[in-house]
Amino acid sequence: MCGIGGIYGVMKPEARKAGLDIINGKLAHRGPDGHGRFEDNNIGLVHARLSIIDLSANGDQPLYNEDKTLVLVCNGEIYNYKDLRAELLQKGHHFHSESDSEVILHLYEENRKDPARLLDKLTGMFAFAIWDITCKQLFIARDRLGIKPLYYSFEKGTLIFSSEVNPIVATGLADKELDMTSLFEFLALSIIPGPNTLYQGVKCLPPGYCMTLQNGQMIMGAYWDIPEKTRIWKDEDEVVDEVAKLLDIIVKDHLVADVPVGTFLSAGVDSSLITALAVGHHPGIHSFTAAFPGEPEDEGVIAANSAVKLKTTHHSYEMKNDFFKDFSLQLKDIDQPFSPVSALSLGRISKLARQVVKVVLSGDGGDELFGGYGRYEPPKRPDFLKFIPKGIQGITLGLMAALTGKKSLATLRQNLRISEAEQFYRRSLLSSPEKVIGLFSDEAAAKIDQDRYVHHLENLFANRKDTDILNRVLYVDMKTALVDEMLTKCDRMTMINGIEGRVPLLDHRLVELAFSIPSQFKRKEGRGKLVLRKILAAKLGTDLAYREKTGFNSPLKQWLSSDQETRNFVNKEINEVADLPWMNDKTIRTTWAQATDKFEPSLVYSLVCLNQFFNH
């Protein structure tokens with residue numbers, strides 16, 4: 001786990017050096033264990049190291065092949081590196097280190113004419129760049145699911161890339177005009193959806209993509225996508241058995257490290273299952289929980305009970321009425337506005353975990369693979385619709401609404417006409433577009449494309465031909481919220497605190513298997529993750545496996561109404577954010593002062609995070 005960056009293109013050496021210095025400095029929090037650099041005529045690469053495998057100086061990056069014609073900087077972990085290393089040694093390759101990343105260099109040597117082929121060999125999370133000195137070619141790739149980030153700016157033959165957005169903009173070599181649509185999407189969704197960023201001139205490399213640059217020209221394309229062919233399964237037991245066996249292998253693979261490893265443990269199915277499997281290979285493993293004593297969201301007691309049963313070495317971070325304590329410290333290195341409320345909780349238990357471990361396994365991905373969220377439940381439709389042919393349902397409901405005057409019939413008619421993409425968008429919103437657009441000045445609002453994200457969703461749905469409706473929705477969630485929220489949160493909040501977050505449930509082997517499973521084995525009668533629940537029930541009992549989902553959230557709403565310190569802090573932040581030049585200060589201040597309840601807790605928190613980003 002590290003930070004990488006680079007500059008490619010014709011420019012004065014001193015300009016490139018200055019840019020690399022800035023990138024290196026901005027990535028320092030991602031790699032406290034060392035910094036490396038490579039510079040050639042038109043290329044510069046930097047690396048900030050968090051040492052996990054091969055802690056010696058031999059593992060420092062950049063890494064080189066035998067004749068030093070290839071240079072690599074890599075962020076991530078390759079879990080099958082020992083098997084790959086053995087194969088490459090048999091083919092005559094020589095290794096300089098025990099680093100997992102070095103296998104990438106030698107795989108490139110084996111696939112020099114078509115570098116993308118080497119990516120099929122890798123099992124892991126990664127974002128890396130290889131400079132091929134012999135042919136002056138730069139090859140960059142991001143892992144299949146987007147676990148590791150990679151951002152870039154490409155203008156007039158010059159590429160600047162980095163693990164985070166800020167280093168690119170700080171160089172002064174990229175267009176840093178704000179993207180107002182991204183700000184709008186942030187306040188509506190709490191995230192900035194890729195491939196866009198806060199800045200018009202910076203994009204993210206999509207998951208499962210790679211790019212090649214040579215002679216100032218870029219070629220970019222996908223090398224992997226989630227398969228859409230479902231298998232014919234004999235019964236649920238066959239599904240459970242195969243998933244359980246593969247997941248156990250994957251968890252074992254994810255425990256590989258030359259440093260102490262732990263797990264995040266909540267009261268949820270996913271983290272409990274990952275911890276239970278980890279204990280089988282690592283008895284007494286450290287587990288970490290965020291607790292909210294006395295609050296409805298508190299999972300501390302249940303997690304502690306699981307820890308006792310599993311005999312983990314358990315640690316709990318209790319948050320009381322100090323929600324915004326060390327808020328600025330946890331968010332100081334966030335590279336663009338980001339406001340899922342659970343990020344702060346994750347940052348705090350990451351800080352706690354760093355005192356005893358350097359790697360932590362999390363349960364991210366279970367909901368998106370196995371249909372865990374309530375929003376996956378199809379909207380209920382009245383029984384009488386069964387007796388009306390689909391082709392005339394809209395017309396019939398319109399006539400019925402006109403005759404009876406019932407708004408519910410008009411609403412039902414409207415919902416029947418909404419596309420999958422629009423339905424998905426509405427379920428994703430934390431604040432209504434109408435409310436959010438009113439927070440911007442007239443000048444800024446005129447630059448906002450309110451339909452951009454919907455069009456992105458429409459393209460994703462259009463490219464997916466699954467006949468299984470749930471799997472089609474899960475695919476879109478994997479390509480959007482999972483990457484832009486869950487994985488971004490895991491990456492940033494662990495890296496800020498100097499630990500590596502790993503996500504076994506998003507190993508591509510399990511993802512491919514999960515998407516071969518039809519929806520009836522994933523979700524039934526309003527309950528999701530049926531496969532994972534059954535595996536967990538065998539290990540920790542049915543009470544935990546089938547308890548209602550509470551989510552990893554924070555009781556901000558209660559604290560806003562009951563704790564004066566929290567209220568005072570938020571009041572100051574809201575009044576400051578109103579002064580940003582593109583915001584509608586009158587609307588924000590008036591609404592906050594006269595009718596605070598019109599600002600949902602999620603929107604309040606987003607405004608606070610926006611102010612932290614721009615004013616702190």
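Note that this is a predicted model, so its numbers are computed, not measured. Scope of the values below: all heavy atoms of this structure, side chains included, with no hydrogens, waters or symmetry mates.
Below 30°, between 30° and 60°, or above 60°: for Phe461 and Phe424 the angle between ring planes is above 60°, a perpendicular geometry.
Under 3.5 Å, the side chains of Asn65 and Asp67 contain a donor-acceptor pair of N or O atoms. A donor and an acceptor atom, one from each side chain of Thr69 and Arg112, are located under 3.5 Å apart. Thr494 and Arg354 form no side-chain donor-acceptor contact under 3.5 Å, judged by distance and modelled atom types alone. Residues His29 and Glu164 have side chains that bring a donor and an acceptor to within less than 3.5 angstrom of each other. His93 and Glu109 share a side-chain donor-acceptor pair at under 3.5 Å. Between the side chains of Ser51 and Asp33, a donor-acceptor pair is found at a separation under 3.5 Å. When only modelled atom types and interatomic distance are considered, Asp477 and Tyr373 share no side-chain donor-acceptor pair under 3.5 Å. Between the side chains of His47 and Asn24, no donor-acceptor pair is found at a separation under 3.5 Å. For the residue pair Trp233 and Gln520, no side-chain donor N or O sits within less than 3.5 Å of a side-chain acceptor on the partner. Side-chain polar atoms of Asp225 and Tyr475 form a donor-acceptor pair below 3.5 angstrom. Using modelled atom types, one finds no donor on one side chain facing an acceptor on the other under 3.5 Å when comparing Lys229 with Ser516. Between the side chains of Lys136 and Asn41, no donor N or O sits under 3.5 Å from an acceptor N or O.
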ring-ring contact (aromatic ring centres under 6.0 Å, His included) for Tyr79 and His254? Distances and angles first, verdict last. CA-CA 7 Å; Tyr79 301 122; His254 279 65; 3.9 Å; yes
Is there a side-chain contact (heavy atoms from CB on, under 4.5 Å) between Leu482 and Asp367? Walk through the geometry before answering. CA-CA 10 Å; Leu482 178 78; Asp367 290 294; over 6 Å; no
Would you please test Asp120 and Tyr223 for side-chain hydrogen bond (donor to acceptor under 3.5 Å, both in side chains) and show each step? CA-CA 8 Å; Asp120 296 334; Tyr223 67 87; over 6 Å; no
Assess whether side-chain hydrogen bond (donor to acceptor under 3.5 Å, both in side chains) is satisfied between Asp449 and His455, documenting all intermediate values. CA-CA 10 Å; Asp449 178 2; His455 290 156; 5.0 Å; no
After noting the C-alpha distance and the side-chain angles of Arg452 and Asp179, does the key distance pass the salt bridge (charged side-chain N to carboxylate O under 4.0 Å, His left out) rule? CA-CA 12 Å; Arg452 185 174 74 180; Asp179 185 332; 2.9 Å; yes
Trace of the side-chain contact (heavy atoms from CB on, under 4.5 Å) decision for Leu361 with Leu255: CA-CA 8 Å; Leu361 276 58; Leu255 289 169; 4.0 Å; yes
The test is ring-ring contact (aromatic ring centres under 6.0 Å, His included); show your working for Phe154 and Tyr152 and say whether it passes. CA-CA 7 Å; Phe154 184 64; Tyr152 70 94; 7.8 Å; no
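With respect to the salt-bridge test (charged N to carboxylate O, under 4.0 angstrom), the residues Lys234 and Glu242 do not qualify. Taking a cutoff of 4.0 Å between a charged side-chain nitrogen and a carboxylate oxygen, Lys17 and Asp21 qualify as a salt bridge. Contact check on Lys26 versus Asp333 returns no salt bridge, with no Lys/Arg side-chain nitrogen under 4.0 Å from an Asp/Glu carboxylate oxygen. Taking a cutoff of 4.0 Å between a charged side-chain nitrogen and a carboxylate oxygen, Arg509 and Asp253 qualify as a salt bridge. Using a cutoff of 4.0 Å between basic side-chain nitrogens and carboxylate oxygens, Glu87 and Arg85 are not scored as salt-bridged. Salt-bridge annotation for Glu228 and Lys465: absent, with no side-chain N of the basic residue lying under 4.0 Å from a carboxylate O of the acidic one. Between Arg16 and Glu14 there is no salt bridge, since no side-chain N of the basic residue sits under 4.0 Å from a carboxylate O of the acidic one. With salt bridges taken as basic N to acidic carboxylate O contacts below 4.0 Å, none links Glu500 and Lys358.
A donor-acceptor distance shorter than 3.5 angstrom exists from the side chain of Asn471 to the backbone of Ile517, with no hydrogens or angles considered. Counting only distance, with no hydrogens or angles, the side chain of Arg144 and the backbone of Thr123 share no donor-acceptor pair below 3.5 Å.
Annotation: cation-pi pair Arg523/Phe370 absent, no NZ/CZ under 6.0 Å from the ring centroid and within 45° of its normal. In this structure, Lys68 is not positioned above the aromatic face of Phe38 in the sense of NZ or CZ being under 6.0 Å from the six-membered ring centre and within 45° of the axis.
If you take CE on Met218 and CE on Met211, they are separated by 4.0 Å, rounding to the nearest 0.5 Å. To the nearest 0.5 Å, atom CD1 of residue Ile43 and atom CH2 of residue Trp131 are 5.5 Å apart.
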Show me the donor-acceptor pairs, under 3.5 Å and distance only, between side chains in residues 191-204 and residues at least two apart or in other chains.
residue	atom	partner	partner atom	Å
Asn196	OD1	Lys203	NZ	2.8
Thr197	OG1	Tyr199	N	3.1
Thr197	OG1	Tyr199	O	3.1
Thr197	OG1	Val202	O	2.8
Gln200	NE2	Leu178	O	3.3

